[in-house]
Q: 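Below you'll find the structure I mean.
Just so it is clear: chains get the letters A, B, ... in the order the sequence lines come, proteins before strands, and each one is counted from 1. What you are looking at is a predicted structure, and each value in this text was computed from that prediction instead of being measured.
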Protein chains: 2
Amino acid sequence: MTTPPPGLRERKKQATREALRDAALRLAVERGPDQVRVDDIAEAAGVSPRTYNNYFASREQAIVSAVTADRETRIAAAVAARPTGVRLADAVTEAVVEQYTNPGEREQQALLLFTTQTTLRDAFLDAAADIEPPLTAVIAERVGDTGAHTARVLAASVAAAVRVALEGWLVPAGNAEATASSSPGGLVVPSGSLPDQLRATLAPLAPAFDAADKRRDRSAGERFEKAAPPAKT
Amino acid sequence: MTTPPPGLRERKKQATREALRDAALRLAVERGPDQVRVDDIAEAAGVSPRTYNNYFASREQAIVSAVTADRETRIAAAVAARPTGVRLADAVTEAVVEQYTNPGEREQQALLLFTTQTTLRDAFLDAAADIEPPLTAVIAERVGDTGAHTARVLAASVAAAVRVALEGWLVPAGNAEATASSSPGGLVVPSGSLPDQLRATLAPLAPAFDAADKRRDRSAGERFEKAAPPAKT
DNA sequence: CAAGAAAAGTGCGTGCACGCAAGTTTGCGT
DNA sequence: ACGCAAACTTGCGTGCACGCACTTTTCTTG
């Protein structure tokens, strides 16, 4: 339905994009990230440097995109796939956790790489913002047209929360003092597993989702104060 | 306590920064934004081009910063200034609205400018993210150490919501079709007043704030069960 | 008040992003 | 099958961000 035959043009385009992504990551891993010139990537992908820049706006973006790929789309799909019975908050959380759990081996190398160079790290964190548009779509479908921008805001908040989680997770290298200083006197789970981090940062948003969700299934006008779900801490 | 005598070094630094900001905005307004070379800004501020780059990482940043100034700090201060009795959500919302309400005349010109060039618009939107760190601090103070990253996530969500509001507000120029397509069939307040937009985008987050807030004054034993203000739509 | 340390300003060189105006490939209607 | 129009690629030129090494200014300490 979405891909009858994609057409040759589109296929070539995707191929080029993938070649570039691939080359970028590979080169960045085998020599250091600083030792990769844009021309190298272009050449490795068999394309002109200028064309490279038609696909990616920065070297970092190219490298990072090899890992992030089309995570955005998959997250949206994963949310849409959950039965409409479950809480929206849970559906989103699980979808996100699921899609950010990659057992790939090349990804591990890449992530390790990201911890070494702040510019790569930043690019990776920025990539998380890409989940907003697709998420907005699926959330909008769930909450209906409650408030004009509700879905947008919720999606954006999720993206922000994910970013926070990733930031807190990508620290193990180098700055042992930064981890210590983040909590003066207490320990804050230096950098537990990513799924845990994600759940932790998404949790505070659950009430907002509940509220948006609630409005929907009681489209008539009664409002009742419902205590927050038993916080198990 | 905060400024004994700021020291001469610091004063000069601020002066330079302001000179750069000023020059950047002024030049951008009088000739078009594209007709402003970095060297021009530097020269107008009486400083070397290289130095300019020590203060700002991009031309857009310099221009935009003339408007955004230290809004971040003021927002945080405004939140902290509210009595602890009011709902946290309200405190934050009002503080944000208040600080984004500028009757300045030069700002108007600038904002108009931002609508014309996407790169400026984007820089302006990105600047909204700067409110996160200070907001995190004040929110953390209110909610205590509920969950490690709760404050961070809430602050980041606010920043995201503000961004959405600004995005929806900075459209009046040119694309009449974009405004129409944003809501297939219904009208979504094409671009009402900024305060309204801000309140609208921040509203969905209120439940999250309430949940975080509740925990806190529950531990103090005093609870203020207040229903959400009658949403009149 | 005299060094010396620390920080800010500067000049230079490099790699890069991107607009523009060709050239080349793909898709489609007749 | 042909040819036109749209999409993609490419080379070139420009302005820019930023690392590095060095000079100048400000702060500190004995």
Side-chain angles (χ1 to χ4, degrees), chain A residues 3-25 27-28 31-65 116-123 126-127, chain B residues 3-25 27-28 31-65 116-123 126-127:
Chain A
T3 40
L8 183 126
R9 226 196 191 67
E10 202 60 24
R11 266 184 294 149
K12 269 199 166 182
K13 221 170 125 179
Q14 283 315 100
T16 305
R17 163 168 271 111
E18 195 174 327
L20 283 169
R21 277 206 281 243
D22 234 28
L25 179 55
L27 291 177
R31 346 172 172 174
D34 308 330
Q35 302 308 320
V36 181
R37 300 279 155 268
V38 144
D39 301 12
D40 304 338
I41 302 180
E43 189 186 15
V47 86
S48 111
R50 186 61 183 85
T51 293
Y52 148 85
N53 245 9
N54 284 346
Y55 283 85
F56 298 101
S58 81
R59 223 175 46 261
E60 292 76 21
Q61 213 173 99
I63 300 178
V64 160
S65 94
T116 69
Q117 240 206 183
T118 56
T119 108
L120 277 181
R121 195 186 95 110
D122 290 350
D126 286 348
Chain B
T3 41
L8 186 136
R9 236 226 228 342
E10 202 60 25
R11 266 183 296 148
K12 269 199 166 183
K13 217 171 128 177
Q14 283 315 100
T16 305
R17 164 168 268 113
E18 196 174 328
L20 283 169
R21 277 205 282 242
D22 233 29
L25 179 55
L27 291 177
R31 344 170 171 179
D34 308 331
Q35 302 308 321
V36 181
R37 299 281 155 263
V38 145
D39 301 12
D40 303 338
I41 303 180
E43 190 185 14
V47 85
S48 110
R50 186 60 183 84
T51 293
Y52 149 84
N53 245 5
N54 285 346
Y55 282 86
F56 298 102
S58 80
R59 223 175 48 260
E60 292 75 23
Q61 215 172 95
I63 299 178
V64 160
S65 93
T116 68
Q117 241 205 182
T118 55
T119 108
L120 278 182
R121 195 186 96 109
D122 290 349
D126 286 347

Q: Which atom names give the shortest non-hydrogen contact between A/Ile41 and A/Leu20, and what distance separates them?
A: CG2-O, 3.9 Å
Q: For a quick check, with a 4.0 angstrom heavy-atom cut-off, what is the B/S/- contact string for nucleotides 12-17 of chain C, read 5' to 3'?
A: B--SSB
Q: Considering non-hydrogen atoms only, spot the tightest contact between B/Leu120 and B/Val64 and give its length.
A: O-CG2, 3.9 Å
Q: First locate atom CG of A/Asp34, then atom OG1 of A/Thr116, and finally report the distance between them rounded to the nearest 0.5 Å.
A: 8.0 Å
Q: Is there a side-chain contact between B/Tyr52 and B/Glu43 in this structure, where contact means two heavy atoms from C-beta onward sitting under 4.5 Å apart?
A: no
Q: So, is B/Tyr55 near the phosphate of C/dG9, with a side-chain N or O under 4.0 Å from OP1 or OP2?
A: yes
Q: I want to check one thing: is the phosphate of D/dA7, taken as OP1 and OP2, less than 4.0 Å away from some side-chain N or O of A/Lys13?
A: no
Q: Can you pull out the residues from residues 16-23 of chain A that lie within a 4.0 Å heavy-atom distance of DNA chain C?
A: none
Q: Near DNA chain D, under 4.0 Å by heavy atom, which residues of residues 41-49 of chain B?
A: none
Q: Can you tell if the side chain of B/Gln14 reaches within under 4.5 Å of the side chain of B/Arg17, non-hydrogen atoms only?
A: yes
Q: Using a cut-off of 4.0 Å between protein heavy atoms and nucleotide atoms, how would you tag nucleotides 24-30 of chain C 5' to 3' with B, S and -?
A: -SBS---
Q: Look up atom OG1 in B/Thr119 and atom CZ in B/Arg121, then write down how far apart they are to the nearest 0.5 Å.
A: 11.5 Å
Q: Could you work out how much the helix from C/dC1-D/dG30 to C/dT30-D/dA1 bends, comparing the axis of its first five pairs with that of its last five, to 10°?
A: 30°
Q: Rounded at 0.5 Å granularity, tell me how far CD in A/Gln61 sits from CG in A/Asp126.
A: 9.0 Å
Q: Using the side chain to side chain contact (heavy atoms under 4.5 Å, CB included) rule, take B/Tyr55 and B/Lys13 through it: C-alpha gap first, then chi angles, then the decisive distance, then the call.
A: CA-CA 9 Å; B/Tyr55 282 86; B/Lys13 217 171 128 177; 3.3 Å; yes
Q: Please give me the minimum heavy-atom distance between A/Arg21 and A/Phe56, naming the atom from each residue.
A: CG-CZ, 3.7 Å
Q: For A/Asp40, check salt bridge (charged side-chain N to carboxylate O under 4.0 Å, His left out) against everything at least two apart and list the hits.
A: A/Arg31
Q: Does any non-hydrogen side-chain atom of B/Glu60 lie less than 4.5 Å from one of B/Ile63?
A: no
Q: Please name the pair of heavy atoms, one in B/Ala23 and one in B/Ala45, separated by the smallest distance, quoted to 0.1 Å.
A: CB-N, 4.4 Å
